[in-house]
Amino acid sequence: NTERVGMIHDGESRFSIKGKPIHHFLGTSTFSEYTVVHSGQVAKINREAPLDKVCIVSCGLSTGLGATLNVAKPKKGQSVAVFGLGAVGLGAAEGARIAGASRIIGVDLNSNRFEQAKKFGVTEFVNPKEHDKPVQQVIAEMTNGGVDRSVECTGSVQAMIQAFECVHD
């Protein structure tokens, strides 16, 4: 998997500082002003698209949206918990909203994210730090036994376990 080792597919780096190679970030070096990338890692965007918005939407929103619509596949009227309300989580919430979920519970350690998350369909919010019991138990109590679907968008092993355990039997 050359995308994770810091070099592009031929095992080389196209960048250097004072003769020392600089590793690529996920095969793209997106923090460069100019870069060399594989054609499969390029997407053309409309010239009129506001770059300050496009850079945030990028792959995060589509990843969460796609994971929810294509993998979790909530049905109309079901409940969904979304763990992590960054770009991927907001995309997951939007996917749940598009699918017709009746309850979308956002879970995040940062309570300031709830207001923005409402715009993407989140109907309820849980901050695990504000409870004395495990968040999966809080969600099970809120939903009378657990949610129908759960999408984990943080990469945290602890959150993965919580997301799995908050789904009803």
Side-chain angles (χ1 to χ4, degrees), residues 1 3-4 25-28 30-31 37-46 48-131 133-169:
N1 184 354
E3 294 179 4
R4 298 266 183 214
F25 177 69
L26 296 177
T28 63
T30 53
F31 298 109
V37 297
H38 186 276
S39 62
Q41 297 168 316
V42 177
K44 185 175 182 177
I45 61 171
N46 187 313
E48 295 179 24
L51 294 180
D52 62 330
K53 305 282 190 299
V54 172
C55 70
I56 293 170
V57 172
S58 67
C59 68
L61 193 62
S62 58
T63 297
L65 184 78
T68 302
L69 291 175
N70 299 318
V71 180
K73 298 181 182 178
K75 294 174 179 56
K76 186 175 176 106
Q78 288 189 323
S79 57
V80 178
V82 177
F83 283 73
L85 296 175
V88 177
L90 294 177
E94 180 70 5
R97 186 195 65 74
I98 290 169
S102 60
R103 294 178 79 179
I104 303 170
I105 302 168
V107 181
D108 202 289
L109 299 174
N110 182 350
S111 296
N112 294 330
R113 290 183 166 182
F114 183 41
E115 282 307 310
Q116 184 69 21
K118 287 179 185 179
K119 297 174 186 174
F120 291 83
V122 174
T123 58
E124 299 164 71
F125 180 78
V126 177
N127 183 334
K129 296 188 298 188
E130 297 175 358
H131 297 276
K133 55 184 101 173
V135 71
Q136 58 268 43
Q137 186 178 342
V138 171
I139 293 171
E141 290 171 4
M142 289 172 65
T143 58
N144 212 13
V147 293
D148 297 299
R149 300 287 189 267
S150 182
V151 184
E152 192 285 318
C153 304
T154 70
S156 159
V157 173
Q158 181 180 1
M160 290 175 199
I161 293 167
Q162 294 166 339
F164 178 76
E165 292 181 349
C166 80
V167 177
H168 66 73
D169 293 339

Worksheet item: For S111 and E130, which heavy atoms make the closest approach, and how far apart are they?
Response: OG-OE2, 3.1 Å
Item to complete: State, with a plain yes or no, whether a side-chain heavy atom of L51 is found less than 4.5 Å away from one of I45.
Response: yes
Fill in: Spatial distance of atom OG (S79) from atom NE2 (H168) [nearest 0.5 Å]
6.0 Å
Discussion item. Whether the E152 and T154 side chains hold a donor-acceptor pair (N or O, under 3.5 Å, no angle test) is what I'd like checked.
Written reply: yes
Worksheet item: If you draw a 6.0 Å radius around CG in N46, do more than 12 non-hydrogen atoms from other residues or ligands fall strictly inside?
Response: yes
Discussion item. Within this structure, what is the CZ-CD distance for the pair F83 and Q158, rounded to the nearest 0.5 Å?
Written reply: 10.0 Å
Worksheet entry | N127 versus L109, closest heavy-atom pair with distance | ND2-O, 3.1 Å
Worksheet item: Rounded to the nearest 0.5 Å, how far does CD1 of I98 lie from OG1 of T68?
Response: 9.5 Å
Worksheet, complete the sentence: Of all heavy-atom pairs linking K133 and E141, the shortest is NZ-OE1, 3.0 Å
Worksheet, complete the sentence: Scanning both residues in full, the closest heavy-atom pair of G95 with L69 reads O-CD2, 3.3 Å
Discussion item. So V126 and V135, do their side chains get closer than 4.5 Å, heavy atoms only?
Written reply: yes
Discussion item. If the test is side chain to side chain contact (heavy atoms under 4.5 Å, CB included), which one of L90, I104, L85 qualifies with F120?
Written reply: L90
Worksheet item: Any side-chain heavy atom of E165 sitting closer than 4.5 Å to one from Q137?
Response: no
Discussion item. Nearest 0.5 angstrom please: D148 CG to R103 CZ, how far?
Written reply: 10.0 Å
Worksheet, complete the sentence: Note: G86 and D108 closest approach over all heavy atoms is N-OD2, 4.4 Å
Fill in: F125: partners by ring-ring contact (aromatic ring centres under 6.0 Å, His included), with sequence neighbours left out
F114
Fill in: Minimum heavy-atom distance A96-P74, with the two atoms named
CA-CG, 4.3 Å
Worksheet entry | Spatial distance of atom OG (S102) from atom NZ (K76) [nearest 0.5 Å] | 10.0 Å
